[in-house]
Each structure stands twice: as C-alpha cells, then as structure tokens.
Number of protein chains: 2
Amino acid sequence: MESKHSPKRATIGDVASRAGVSIKTVSRVVNGVMTVNPDLAARVRAAAAELSYRANPAAFALRTGASFRTIGLLIKDLSNDFYATIASAVADVARAHGAQLITAHAGENTADELAVVRDLVSRRLDGLLIVPTSGDHAALAREIDPHIPVVYLDRRPEGINADSVVIDNANGARDAVTTLINDGHVRIAGLFDTLNMPTMRERLAGFREAFAQAGVDHDGRLIVTNLSTPDSAFSATSSMLALESPPTAYFCGNNRSGIGALRALWVHERIDPLVTFDDFELSDLMPRRFSIVKYDKHSIGRLGAELLFRRISGDQHEPQSIVLPTQIEKRGVAK
Amino acid sequence: MESKHSPKRATIGDVASRAGVSIKTVSRVVNGVMTVNPDLAARVRAAAAELSYRANPAAFALRTGASFRTIGLLIKDLSNDFYATIASAVADVARAHGAQLITAHAGENTADELAVVRDLVSRRLDGLLIVPTSGDHAALAREIDPHIPVVYLDRRPEGINADSVVIDNANGARDAVTTLINDGHVRIAGLFDTLNMPTMRERLAGFREAFAQAGVDHDGRLIVTNLSTPDSAFSATSSMLALESPPTAYFCGNNRSGIGALRALWVHERIDPLVTFDDFELSDLMPRRFSIVKYDKHSIGRLGAELLFRRISGDQHEPQSIVLPTQIEKRGVAK
DNA sequence: CTGAAAGCGCTAACAC
DNA sequence: GTGTTAGCGCTTTCAG
C-alpha cells in the first residue's frame with residue numbers, strides 16, 4: 001500500500017540546494033527554531049513552497065525519538081452510539097493534547113481483537129484506550145508493549161493491574177430495582193442482554209441484590225437474558241404479559257431491551273412502571289412515562305483519555321479505577 | 001521475566017547481540033522473509049521475546065518508503081450519528097485494506113479546520129476523507145499535499161476537481177414535496193436548518209422546484225430557516241399552527257426539525273401529513289404516521305473510502321462524483 | 001550565524 | 001545462508 005501519486009516528494013536537501021543554502025539552515029527555518037538570517041529564511045521558505053516541501057515524519061521521529069502524537073482507541077463498533085460518544089470525547093481530549101486518535105474496530109471474535117491490538121501496538125502509539133470485547137484481558141495485556149500506557153474502559157480489567165474507567169452498574173441496577181420494590185412491586189421482570197458481557201452480569205447482580213437487601217423473594221422465571229434487540233425484548237415482554245400473573249413492573253438491562261419492552265407495554269396499553277438502564281435519543285418523546293438509569297457516557301471517554309495522557313507524560317502512580325455514578329431520571333411524556 | 005519498566009526500547013542490534021547473530025539475520029527473522037537456519041531463527045525469536053522487541057515503525061518507513069497504512073477522516077463531530085455512521089463505514093473499509101483510521105474533529109471555525117488538515121497532512125497519511133465544514137474548499141485543497149489523495153464527502157467540492165460522494169438532496173426534497181402537492185396540498189410548511197449548509201440549500205432548492213414543476217405558487221411565509229434543534233422546530237411549527245390559515249402539510253429539511261415538528265403536531269393533536277429528510281433511531285416508534293426521505297449514510301463512508309483506496313493504489317482516472325439516491329419511506333405507528 | 005559530518009533503527013545490495 | 005556496508009531524511013554535535 002504505497003501511495004504513488006505524482007513525481008517524487010521533495011526532501012530537505014532539495015530545498016537546500018534550490019535555496020542555495022545548507023541542509024541545516026533549511027531545518028532551522030522549517031522548525032522555526034534558532035535565529036536565521038531573514039534573507040536566507042525567505043529564500044528557504046520560497047524554495048520550500050515551490051517544491052511544496054513537507055517534512056518526513058518518519059525521519060523526524062527516527063532522529064528525535066519523538067512520537068507520532070497518536071493514541072489508539074479499541075472499541076467494538078463506531079456505529080454504536082455508546083462507543084461513538086466515547087470516541088468523540090477521547091478525540092477531543094487527544095486534540096487538546098496535540099494528538100490525534102486512531103479508532104479501531106475490535107471485530108467479532110477474540111482473534112480479530114488480538115490482531116487489531118497487535119497492529120496498534122506495532123505502530124508505537126503513545127497510548128491505548130481499550131474497551132475489551134473478549135473476556136481474556138490477560139491475553140490482551142500480553143500483546144501490549146510495556147512501554148505503551150493502557151487504560152481500560154467500561155470493563156474492569158481482570159487479572160491485570162491497570163487504569164480503568166467503569167460504570168457503577170451493580171449499584172445503579174440495585175437502586176433502580178429498589179425504587180420499584182419500595183413502591184410495593186414484587187413480580188418485577190428483569191430483561192437483560194447476554195450475560196457474556198460483564199456489565200450485564202453486574203446489572204443482573206444489582207437486580208438480585210435489591211431483593212436480597214429488601215428481604216423479598218423474587219420469581220426467577222421473570223428474568224430473561226440474551227435480549228440483544230428491541231424486537232426480542234418486545235417478544236419477551238409480550239410473552240410475560242400473557243402469563244397468568246404477569247409482572248407488575250419492569251427492569252431492563254440496557255436501552256435496547258428497554259425500548260422493546262416500552263413498545264410492548266404501549267401496544268398492549270399497559271402502564272406498569274418500567275426502569276431501564278441507559279438513556280437514548282428521543283427518550284423524552286416516548287409516549288409514556290418511565291425511568292432510566294443514566295450515567296455520563298462522555299465522561300468514560302474523557303476521564304479515560306485524561307488518565308491516559310497523565311501516564312503518557314510520565315505519571316507512575318498505582319493504577320486507579322474510576323467508577324462513574326449513575327442517576328435515576330424520569331423520561332417520556334404522559335399522553 | 002522482562003522488567004515492566006525497561007528504560008529503553010530494544011533495537012534490532014540488541015536482539016542480534018543477545019542472540020549472537022548479525023543484525024541482518026534478526027531482520028530476516030522478524031520480517032519472515034527469506035529462509036533462515038531454524039536454529040538461529042529460534043534463538044532470535046527467543047531473544048526478541050526476552051527483550052520484548054518491537055520493530056521501530058519510523059525506521060522501517062524511512063528505509064523502505066512504506067507508508068504508515070493510515071488514512072484520515074475529517075468530520076465535524078463523532079458524537080453526531082450521521083458522522084459516526086460514516087466513520088464506522090470508513091473504519092471497516094480501512095481495516096479491510098490493512099489500514100487504520102484517524103478520525104479528526106474539524107472544530108468550530110474555519111481556522112481550526114485548516115489547522116487540523118495541516119496536522120493530518122503533516123503525518124503523510126495515505127489518504128484523506130473530508131466532510132468540509134467551512135465553505136472555502138479551495139483553501140482546504142491548498143493545504144493538502146498533492147501526493148495525498150482526497151475524497152470529499154456529503155458536500156460537493158467547489159472550485160476544485162476532486163472525488164466526492166454526495167446525497168441527491170435536491171431531487172430527494174423535490175420528490176417528497178411533489179407527493180404532498182399531488183395530494184392536493186398547497187400551503188406546505190418548509191422547515192430548514194441554516195442555509196449556510198450547502199446540503200440545506202440544495203434541499204430548499206428542491207422544495208421550491210417541486211412547486212415550480214407543478215406550476216403552483218407557494219406562500220414564502222411558510223418557509224422557516226435556521227432551525228437547528230427540535231425545540232426551535234417545535235416552536236416554529238406551533239406558531240404556524242396558530243396562523244389564520246395554517247399549513248396543511250409539512251416538509252422538514254432534516255431530522256432535527258422533523259422531530260420538533262412531529263412533536264408539535266402531536267401535542268396539538270394534528271394529523272397533517274409530514275415528510276422529513278433523514279431517518280432517525282426509533283422513528284418507527286413515533287406515535288403518528290409520517291414519511292421520511294431516506295438515504296444510505298453508511299454508503300457515504302463506504303463508497304468514499306473505496307474511492308480513496310482506489311486512488312491510493314494508483315488509479316489516475318478523472319475525479320468522479322458519486323450521487324447517492326434517496327427513497328421515500330413510511331415511518332411511525334398509527335395510534 | 002552557518003556548514004559538515006555523524007548517526008537514529010532499519011533494510012537492500014552485495015559480499016562471503 | 002549469513003554478515004557487512006551504505007544510506008533512507010532528518011536533527012544534532014561541533015567547527016568555522
């Protein structure tokens with residue numbers, strides 16, 4: 001993959017001979033460092049412009065040992081709003097530090113993810129932000145050059161000591177379910193995505209903890225998992241509504257199941273209370289009232305990137321884990 | 001066991017002396033090129049692992065003239081779904097070509113955008129995808145190294161001859177408004193964002209063209225611009241509803257204004273036909289029927305990136321402009 | 001204030 | 001099959 005467009009690129013030597021000066025003078029002018037005779041400087045600048053000279057970053061980096069001022073972000077998929085928001089925040093922080101951001105898709109399986117990490121590492125980036133897809137964080141860590149700082153996002157790193165920024169999933173779910181229990185609900189449906197995701201396991205754990213703390217028994221048949229789309233949550237909710245004694249309230253582990261459940265309730269003209277993890281666009285316009293467990297997606301990226309740049313500039317403190325709090329908020333409009 | 005705080009990075013020379021071979025042998029093993037005595041190869045690999053050796057990409061690039069296998073995407077903001085979808089598609093194409101993607105935010109003003117372009121260009125990326133923010137495309141083009149292929153997205157490049165992928169805005173708007181006219185509507189509201197955006201101007205032009213083609217006069221007072229949020233479109237629509245003779249149908253230039261107008265109609269319990277440019281998440285769940293002018297966001301990124309990689313591999317054809325068609329589709333659920 | 005020469009880490013020729 | 005040497009484009013001593 002070599003870009004061969006037009007003739008050849010001008011080097012510093014070409015500029016020097018065209019300007020009738022030495023290479024070093026060009027270097028000085030280009031880098032704007034040290035004083036240079038204004039006459040010569042002007043000649044150099046003219047020559048550089050005529051040849052549309054651009055410094056070779058590889059040569060610069062090789063000689064000076066400087067980095068490419070680039071960090072990497074490994075996420076599942078940029079088309080997902082959750083990851084896009086994180087990437088946006090990271091890109092802003094990177095820019096503020098004079099760096100750019102490479103966003104890499106982790107792909108579907110662990111092997112792909114490892115290959116991408118390898119690629120990223122081979123580029124000698126200044127640092128890496130990772131939202132782990134595979135469960136094997138140690139395998140990931142093994143790929144990573146010890147010289148490259150890494151911050152893990154959204155999943156607590158397992159088996160390795162590293163910086164991370166995570167959401168307080170268990171407590172967020174527990175608090176939400178507790179509000180339902182306090183309102184007298186016992187038959188509370190729990191709709192979750194696949195438990196392969198650590199975040200989902202934590203939310204389910206919080207769900208159960210709420211009952212344990214309240215000393216209330218919960219009917220395990222009201223828990224459904226592997227709901228990865230609004231449609232599957234719609235079906236699951238519809239099925240539950242057909243039960244002899246249907247749930248009287250709903251807790252959803254993420255916005256996709258929340259949206260599906262909301263739609264089912266709406267279609268069946270039920271107004272049972274529902275609380276779902278995650279906010280989503282237009283949640284305010286949903287045609288019924290419900291609650292969400294909200295957190296600051298943007299902060300995941302921002303704080304993670306700030307942690308990373310602190311490491312990049314030499315911070316040697318013990319790795320820390322930032323846990324982002326959740327809030328319960330009302331959404332939807334009463335019709 | 002290697003130290004986690006190795007002060008310096010191992011070079012090929014370190015590996016060579018540790019393995020007791022020459023530098024060249026290490027190079028061969030590392031690059032997997034040419035046959036090497038298995039014994040030596042094993043020794044080299046062991047030494048490389050012990051020193052956790054990683055090739056220096058700057059030295060490699062400098063020596064071989066190879067690129068960093070990186071393309072750039074300049075967009076306004078990754079937190080916007082439109083751009084995130086494009087970025088996602090581009091990232092996938094890049095990956096398929098063994099490259100990674102730097103996504104850069106253009107910032108608020110033209111100066112920022114130029115600075116970012118300069119940064120990107122100075123990195124000698126293999127190619128650049130640009131969604132221009134400022135109107136001055138020529139100024140952008142002037143910053144760009146002639147060796148770097150560029151593809152413009154979503155806005156037709158003005159004053160320069162370059163590849164581009166754009167949406168058929170004018171025809172999409174015209175067709176949509178024509179359906180309303182054909183249904184007998186004359187007092188059709190037109191809600192648009194700022195006309196500083198070329199896309200918005202094209203959609204407004206299409207709006208007007210529909211009337212011209214139908215030979216119908218349109219009341220210009222029903223056109224509102226500078227609607228950048230759902231809230232402002234909500235207000236604008238509410239005001240129109242209070243007119244002596246309110247509009248009987250609505251056309252919205254993007255999903256922001258569409259959402260605001262829908263909400264206003266819903267609140268005021270009106271069921272006048274509405275068609276808006278852009279799809280949006282949950283459009284299927286909106287509590288009333290309406291139509292959208294849809295196009296394939298993903299294709300903007302995918303086709304643009306494919307065009308770019310064709311240039312990168314040496315395609316010298318005349319620049320081409322791909323115009324993506326639009327479709328009118330039904331959305332929302334009848335209550 | 002400017003120039004000549006050395007060398008960053010690596011690979012491409014060419015020797016052995 | 002393996003080692004030696006030169007040099008990619010640049011910055012950095014160190015002289016002039």
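In what follows, chains carry the letters A, B, and so on, assigned in the order in which the sequence lines appear, proteins first and then strands, with residues in each chain numbered from 1.
A donor and an acceptor atom sit less than 3.5 Å apart, one in the side chain of B:Arg28 and one in the base of D:dT2. Between the side chain of A:Arg63 and the base of C:dG7, a donor-acceptor pair under 3.5 Å is found.
Across every non-hydrogen atom of B:Val90 and B:Gly301, the tightest pair is CG2-O, 3.5 Å.
Going from atom NZ of B:Lys24 over to atom C1' of D:dA6 covers 13 Å, rounded to whole Å. In this structure, CZ of A:Phe60 is placed 16 Å from C1' of C:dG9, rounded to the nearest angstrom. The interatomic distance linking A:Arg124 (CZ) with C:dC8 (P) rounds to 14 Å, in whole Å. Between the CZ atom of A:Phe68 and the P atom of C:dC8 there is a distance of 17 Å, rounded to whole Å. Distance CG (B:Leu51) to P (C:dG9): 14 Å, rounded to an integer number of Å. For A:Asn31 and D:dG9, the CG to P distance is 17 Å, given to the nearest whole Å. Atom CD1 of B:Ile12 is separated from atom P of D:dT2 by 15 Å (rounded to the nearest Å). The nearest whole Å value for the distance from the OH atom in B:Tyr53 to the P atom in C:dC10 is 4 Å.
Looking at heavy-atom distances under 4.0 Å, A:Ala55 makes contact with sugar-phosphate atoms alone, never a base.
Of the side-chain N and O atoms in B:Ser22, none sit less than 4.0 angstrom from OP1 or OP2 of D:dT2. The phosphate of C:dC8 has neither OP1 nor OP2 within less than 4.0 Å of any side-chain N or O from B:Asn56. OP1 or OP2 of C:dG3 lies within a sub-4.0 Å distance of a side-chain N or O belonging to A:Thr25.
Both A:Thr11 and B:Ile23 lie close to DNA chain D; mapped to their nearest nucleotides by heavy-atom distance, the more 5′-ward contact belongs to B:Ile23.
Comparing atom distances between the A:Ala59 side chain and each of C:dT11, D:dG9, C:dC1 picks out D:dG9 as nearest.
Rounding to the nearest 0.5 Å gives a distance of 9.5 Å between NZ of A:Lys8 and NE2 of B:His147. Interatomic distance, CD1 of A:Ile23 versus OG1 of A:Thr11, reported as 7.0 Å (0.5 Å rounding).
Under a 4.0 Å N-O distance rule, the pair B:Arg123/B:Asp119 qualifies as a salt bridge.
A donor-acceptor pair under 3.5 Å is formed between the side chain of A:Asp163 and the backbone N or O of A:Gln320.
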